[in-house]
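Here the structure is laid out as structure tokens; the discussion comes afterwards.
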Amino acid sequence: MQSVKRNIRAPISKLLFIRSNIFVISAVFIFILVVVRTAWISDDAYITFRTIDNWVHGYGLTWNVYERVQVYTHPLWMLLISGFYFVTREMYYTSIVASIVISSSAVALFAFGIAKTKTLACLGILLLLFSKAFIDYSTSGLENPLTHLILGVFFYVYLRNGSGYKSLLLLSVIGGLGILNRLDTSLIFMPVILHSLFLMHSRLKSTLIISLGLLPLLIWETFSLLYYGFPMPNTAYAKLDVGISRIDLIQQGSYYFWNSIKWDSLTLITIFVSLAIVFVTKDLRHRYVSLGVLFYLIYILVIGGDFMSGRFFSGLLFMAVIILSTSRIHLTRNQTLVGAIGIVLIGSISLNPPILSGAGYGTEKTDDGKTVSHLVADNHGIADERSFYYNSSGLLNAKKGLKMPDSPMAEYGRLQQLKDRPAVTWSNIGFFGFFAGPQVYVIDRFAISNPILARLPITTNSIDAITGTHWRIGHFPRELPDGYIESLESGENRINDQEISELYDRLQLITRGNLLDRDRLKAIWRMNTGR
């Protein structure tokens, strides 16, 4: 009789297993479909892409081919896309396909390797599907997809593997790669790595193991210091210490949180619920994961957030979903159903839910019947970037024979090649700079790609059209010093202000001098030690 029961139970169990997997596979497939439909490329991504294009064509890792300046904040992402671009020699579709594959891999890893149950896997994917931040930045050409995948691998190792030196080495390598992908994510990875360190018997051996794991990051920082002259990307100098009071930046950061609540409520609700769950369950391992989430939230607040709505929250949302899907909370069938309905309802009231996005996303009709992009931005300069760029760089708007991105900025860049001007000043430099080509020296008035402007105070002579003030978060305009253009065009220092003139000479030596020149190495030391 028992053997008969076993013979009956076996096929039933197998059937239930297959059915649950079909649901998860279907959920992953729907995620891929939504990401393909929403795939786009941002103007900021092409800032990195110009560096990649210069490198592949033999000009070095440069923005303007005449000087070594690190304009990108994601070295690992830059290196990865460089490898693909070296083979394809095509940037738009290459970066989109890479982003879709990497984002899908991150979600598949979560669904089949991290979530405790198939039900939690489906709920987690549902959360990701209705998060505007996560879907918008599963593509875009920025580093978020790779950050999501690295976070998935990191916490798979941390939550599934036991403690030990091998696990510590793996966490250090993966975390180091995550930090190399974006330096500020060290706030996310380090609490877990340090917790693993304190669990070891030998602190000295553990420290050596962590150092070994972080070796790729240390090698890059050494390269950056020698090649560029600075350990941080130029964007850090252009954006982080610009003379705006910390109180004003924290206030701007609070607007960034409020913007997310208004436009994409599900994302921040999920993040804060995951922190509350950790507090209730008192799970020791989740505590250090949540500590990384908390540190990064504070960091976002302190730096003033970003102008791209939701971008800084996408990785934290993925971590929150991992926490919820591996927590000790057990849901009944009714609770699961209520949770799913709640996710759909909250996600549906966000600004333009991504699951409903189509080819016309972010556009409006003019009086003469033309379709134009429509920038959705709040009073504090925080914008739905995909709404503005999707018409010109969205995958659904790509047509055979159409050059993508189909942006006026890209066309202005192509036309710039025909003009006999060695230097040109521009604002949104991504599309323009990439298509202008290596022979055009592009001066960025927001200083992201310009080493001397990044070290000058922001100007108060202009008013931002969105905020009504003289600055917008992520956009800090500088005044070009008298004689600066003439200096670039002539090759001689003709800057009138003595202090700026001396700064110009030092930066010219660092960014244009021979790499191992003794005077250059001295200048690097002096600049980085504040002398």
Side-chain angles (χ1 to χ4, degrees), residues 47-76 78-79 82-83 85-86 180 183 215-238 421-424 429 433-434 436-444 447-456 478 480-481 483-531:
I47 298 176
T48 299
F49 294 169
R50 174 172 158 116
T51 296
I52 292 172
D53 185 66
N54 284 343
W55 187 28
V56 168
H57 288 95
Y59 296 108
L61 285 169
T62 58
W63 165 258
N64 290 310
V65 297
Y66 312 109
E67 60 190 8
R68 298 176 295 270
V69 180
Q70 185 184 340
V71 300
Y72 49 90
T73 57
H74 37 234
L76 187 62
M78 182 277 297
L79 293 171
S82 295
Y85 183 66
F86 180 80
L180 183 58
L183 289 176
L215 192 58
L217 175 62
L218 298 175
I219 290 173
W220 173 263
E221 286 301 304
T222 303
F223 165 79
S224 178
L225 188 60
L226 181 62
Y227 185 76
Y228 291 115
F230 301 95
M232 303 290 286
N234 196 65
T235 51
Y237 305 98
R421 292 181 63 190
V424 60
I429 60 173
F434 182 87
Q439 301 310 318
V440 178
Y441 188 100
V442 181
I443 303 170
D444 173 21
I448 292 171
S449 64
N450 192 285
I452 187 168
L453 296 184
R455 290 161 176 82
L456 297 181
R478 268 61 166 204
L480 268 60
Y484 177 60
I485 296 287
E486 293 81 356
S487 299
L488 290 174
E489 293 178 344
S490 66
E492 299 176 359
N493 188 343
R494 297 183 180 178
I495 296 176
N496 299 325
D497 186 286
Q498 184 176 350
E499 286 188 41
I500 298 177
S501 177
E502 292 175 0
L503 175 64
Y504 179 82
D505 283 336
R506 286 197 296 273
L507 289 170
Q508 288 288 95
L509 178 59
I510 291 172
T511 61
R512 302 193 184 205
N514 293 327
L515 287 176
L516 299 179
D517 180 83
R518 182 177 296 180
D519 290 335
R520 178 179 181 268
L521 296 177
K522 286 181 180 179
I524 291 173
W525 170 258
R526 288 178 175 275
M527 285 290 290
N528 284 283
T529 54
R531 297 187 180 186

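Basis for what follows: all heavy atoms, side chains included, without hydrogens, waters or symmetry-related copies.
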How would you list, by chain and number, every residue that makes a side-chain contact (heavy atoms from CB on, under 4.5 Å) with [X], sequence neighbours excluded?
X: P438; answer: N54, Y59, V65
X: D53; answer: H57, Y85, F434
X: L79; answer: W55

Test item: [X] and [Y] side chains (from C-beta on) under 4.5 Å apart, heavy atoms:
X: W220; Y: S224; answer: yes
X: L183; Y: E221; answer: yes
X: Y484; Y: I452; answer: yes
X: L456; Y: L503; answer: yes
X: V71; Y: R50; answer: no
X: I485; Y: L480; answer: yes
X: I443; Y: N64; answer: no
X: T48; Y: T73; answer: no

**Prompt:** Run the side-chain contact (heavy atoms from CB on, under 4.5 Å) check on V442 and W63 step by step: do they pass?
**Reply:** CA-CA 8 Å; V442 181; W63 165 258; 4.1 Å; yes

Just how far is it from atom [atom1] of [X] to atom [atom2] of [Y], taken to the nearest 0.5 Å?
X: L521; Y: I510; atom1: CG; atom2: CD1; result: 10.0 Å
X: D505; Y: I500; atom1: CG; atom2: CD1; result: 12.5 Å
X: Y66; Y: Q439; atom1: OH; atom2: CD; result: 5.0 Å
X: T222; Y: L217; atom1: OG1; atom2: CG; result: 9.0 Å

Non-hydrogen atoms of [X] and [Y] that approach each other most closely:
X: N528; Y: G229; answer: ND2-O, 2.8 Å
X: G513; Y: R68; answer: O-NH2, 2.6 Å
X: S449; Y: D444; answer: OG-CB, 3.2 Å
X: L180; Y: P216; answer: CD2-O, 4.5 Å
X: A447; Y: R478; answer: CB-NH1, 3.9 Å
X: A523; Y: L509; answer: CB-CD2, 4.0 Å

**Test log, rule side-chain contact (heavy atoms from CB on, under 4.5 Å), inputs Q70 and F230** = CA-CA 9 Å; Q70 185 184 340; F230 301 95; over 6 Å; no

**Asked** Checking side-chain contact (heavy atoms from CB on, under 4.5 Å) for the pair I524/L226: CA distance, chi angles, key distance, verdict?
**Response** CA-CA 8 Å; I524 291 173; L226 181 62; 5.7 Å; no

**Message:** So, using ring pair (Phe, Tyr, Trp, His ring centres under 6.0 Å) as the criterion, who are the partners of Y441 when residues are at least two apart?
**Reply:**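 Partners of Y441 under the ring pair (Phe, Tyr, Trp, His ring centres under 6.0 Å) test: none.
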
**Request:** With sequence neighbours excluded, give me every side chain to side chain donor-acceptor pair (under 3.5 Å) pair touching residues 226-235.
**Result:**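 Found Y72-Y228, N234-R455.
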
**Asked** Under 3.5 Å, side chain of R520 to main-chain N/O of T511, donor-acceptor pair present?
**Response**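 Looks like no, no N/O pair under 3.5 Å.
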
**Prompt:** So with a 6.0 Å cut-off around CZ of F223, is the heavy-atom count from everything else above 12?
**Reply:**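 Buried by this count: over 12 neighbours within 6.0 Å.
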
**Message:** Quick check on side chain to side chain contact (heavy atoms under 4.5 Å, CB included): which of T62, L61, V56 does T51 satisfy it with?
**Reply:**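 So the option named by the test is L61.
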
**Item:** salt bridge (charged side-chain N to carboxylate O under 4.0 Å, His left out) contacts touching residues 491-504 (sequence neighbours left out)
**Value:**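 Qualifying pairs: E492-R494.
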
**Asked** Given the rule in the side-chain contact (heavy atoms from CB on, under 4.5 Å) test, do V69 and N450 qualify, once you have shown the distances and angles that lead to the verdict?
**Response** CA-CA 7 Å; V69 180; N450 192 285; over 6 Å; no

